[in-house]
Amino acid sequence: MDVKFSHIWNVSVEEALQLQTTLSRLVDIQTPLHLDNIHLIAAIDVAYNRENTEMFGAVVLMQFPELKLLSNFVTRAPIVRPYLPGLLSFREIPAILPVLEKLSEPIDLFMCDAHGVAHPRGLGLASHLGVLFDKPSIGCAKKPLVGDFIMPGERKGSTSPIKLNDNLVGYVLRSRENVKPIYISPGHKLTPEDALRVVERCIRSYRIPEPLRVAHQMANRARRVMEGKVSGIRIETFEE
DNA sequence: GCGACAG
DNA sequence: ATCTTGTCGC
Ligand SMILES: [Mg+2]
C-alpha cells in the first residue's frame, strides 16, 4: 500500500501543529461512503512497554461485515516522542507505517483507536492516516478530546452528536447498555453518519468494536512475546 | 491564570 | 498508555 502524501515525523511541536493545520485542509467528511463496497477493514492499535521506551503496533485485517479475522501484522518501534494531547499521531503513526507500506491487501477502510476530525485542528490520528493513504478512515476513541455533547441514553444504540464550533464532527455511541460510551468521528472520506454506521455494525458483544478490540489484544500479545527479546534471540536471565 | 487534555 | 486483585453489579 502506497502513501499519497509523505512528510518527516521528527519535527518540533510547532512544526507538528503547523503540519496538522495544513493537512486538515485535505480532509473530506462530505463524500458519502458506499457501505456495499467495504469488505476489508484494517484496525490499528499500539501497546507500550512498562518502561515507556518501546511501542508494539498491530494491524488487524477483518472481513466486513462478517467481522472475520483474516490476518494480523505486528511491529516494534522505539518511542521517540512524548505523549501530548493533540499530537498522538506523531507518536503512534511512525510505529505502524512500515507495516502499512508493506501490505499488499486491498484495504477499504482504517479504524483507529483515536479521534478523527474531533480534534483541535481537525486532524486526529484517524484523519492523519486517512489523508496520508488517501483512504476512508474512522476514529473510535474511548474518551473525548474536544467538542460539546451530552451523554447518550443508557440503552445500547443510544447516540448523541459531538459538535465543535457549531459543526457536527462525530457521535457519542452507547455500544453496550449501562457501560461508558465510545466517541466516533470520521477520519477521512466518509461522513459522521457513515462512521457511526460502520462502527455500529462492528459491535459484537463488547463496548469496543470487534476490529479494534482484536487489534488491542494483538498489540498486547506482541508486547508479551517480543519484549525482553533482542533481534529474535531469546535472552534468559538467572539469579545467583 | 485556570481547567481540560485521544493514547 | 501502564502499574494490578478483588470486588460490585448487570
Ligand atoms: Mg490504543
Side-chain angles (χ1 to χ4, degrees), chain A residues 9 13 16-17 20 23-24 27 43-60 74-97 110-131 137-149 151 153-158 162-165 169-188 192 195 199 205-209 211-213 215-224 226-228:
Chain A
W9 295 91
V13 169
L17 297 174
Q20 292 186 321
L23 291 176
S24 70
V27 173
I44 296 162
D45 194 22
V46 175
Y48 299 76
N49 63 347
R50 64 178 58 188
E51 296 79 23
N52 241 275
T53 56
E54 288 188 302
M55 295 184 280
F56 299 85
V59 176
V60 162
V74 296
T75 58
R76 178 181 196 166
I79 292 178
V80 296
R81 302 181 69 96
Y83 164 70
L84 293 182
L87 294 180
L88 178 64
S89 65
F90 284 84
R91 176 174 161 98
E92 297 194 342
I93 290 184
I96 59 170
L97 218 40
F110 288 124
M111 189 174 283
C112 312
D113 177 33
H115 287 285
V117 297
H119 176 278
R121 287 160 296 285
L123 196 88
L125 187 154
S127 297
H128 199 153
L129 199 59
V131 169
S137 63
I138 296 173
C140 182
K142 298 180 287 298
K143 293 190 295 186
L145 175 59
V146 293
D148 302 315
F149 60 87
M151 284 302 262
E154 291 295 327
R155 300 279 309 203
K156 172 178 180 177
S158 295
I162 300 176
K163 293 201 166 189
L164 189 55
N165 303 317
V169 295
Y171 289 97
V172 183
L173 169 67
R174 187 79 65 178
S175 50
R176 254 198 102 165
E177 191 155 321
N178 294 327
V179 169
K180 285 194 304 180
I182 54 181
Y183 303 78
I184 300 157
S185 61
H188 188 44
V199 172
S205 309
Y206 305 97
R207 176 194 179 215
I208 306 300
L212 283 180
R213 205 175 71 83
H216 190 264
Q217 293 175 163
M218 294 307 204
N220 279 302
R221 171 197 285 185
R223 177 183 57 176
R224 286 201 309 275
M226 301 173 85
E227 87 176 342

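Chain identifiers are assigned alphabetically (A, B, ...) following the order of the sequence lines, protein sequences preceding nucleic acid strands; residue numbering begins at 1 within each chain.
Distances shorter than 4.0 Å separate none of the side-chain N or O atoms of A/Arg50 from OP1 or OP2 on C/dT2. Between A/Asn220 and the phosphate of C/dA1, there is no side-chain N or O to OP1/OP2 separation shorter than 4.0 Å.
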Atom pairs under 3.5 Å, N or O on each side, protein against nucleotides 6-10 of chain C: can you list them with distances?
none

- Query: Checking side-chain contact (heavy atoms from CB on, under 4.5 Å) for the pair A/Asn49/A/Phe56: CA distance, chi angles, key distance, verdict?
  - Reply: CA-CA 8 Å; A/Asn49 63 347; A/Phe56 299 85; 4.2 Å; yes

- Please walk me through it: do A/Ile208 and A/Lys142 pass side-chain contact (heavy atoms from CB on, under 4.5 Å)? CA-CA 8 Å; A/Ile208 306 300; A/Lys142 298 180 287 298; 3.9 Å; yes

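Within the nucleic acid shown, A/Arg223 comes within 4.0 Å of sugar-phosphate atoms alone, with no base atom in reach, counting heavy atoms only. Residue A/Ile79 is out of contact with every strand shown, counting any heavy-atom pair closer than 4.0 Å. Among the protein residues, A/Pro120 comes within range of no part of the nucleic acid, since none of its heavy atoms lies under 4.0 Å from any strand. Using a 4.0 Å heavy-atom criterion, one finds that A/Tyr83 contacts the bases of the nucleic acid, with or without backbone contacts as well. At the heavy-atom level, A/Gly86 lies under 4.0 Å from base atoms of the strands shown.
Of all nucleotides in DNA chain B, those with any atom nearer than 4.0 Å to a heavy atom of chain A start and finish, going 5' to 3', at B/dC5 to B/dG7.
Test A/Arg91, A/Glu54, A/Arg223 against A/Tyr48 for side-chain hydrogen bond (donor to acceptor under 3.5 Å, both in side chains) and you get one pass: A/Arg91.
In terms of modelled atom types and a separation under 3.5 Å, the side chain of A/Ser137 and the main chain of A/His188 share a donor-acceptor contact. Panel note: side chain A/His128, backbone A/Gly187; no donor-acceptor pair is recorded below 3.5 Å. The closest donor-acceptor contact from the side chain of A/Gln20 to the backbone of A/Gly86 lies under 3.5 Å. Within the 3.5 Å criterion, the main-chain N or O of A/Arg207 finds a donor-acceptor partner in the side chain of A/Ser175.
Counting only Watson-Crick and G-U wobble pairs whose two key distances fall under 3.5 Å, DNA chain C forms no stem of three or more pairs.
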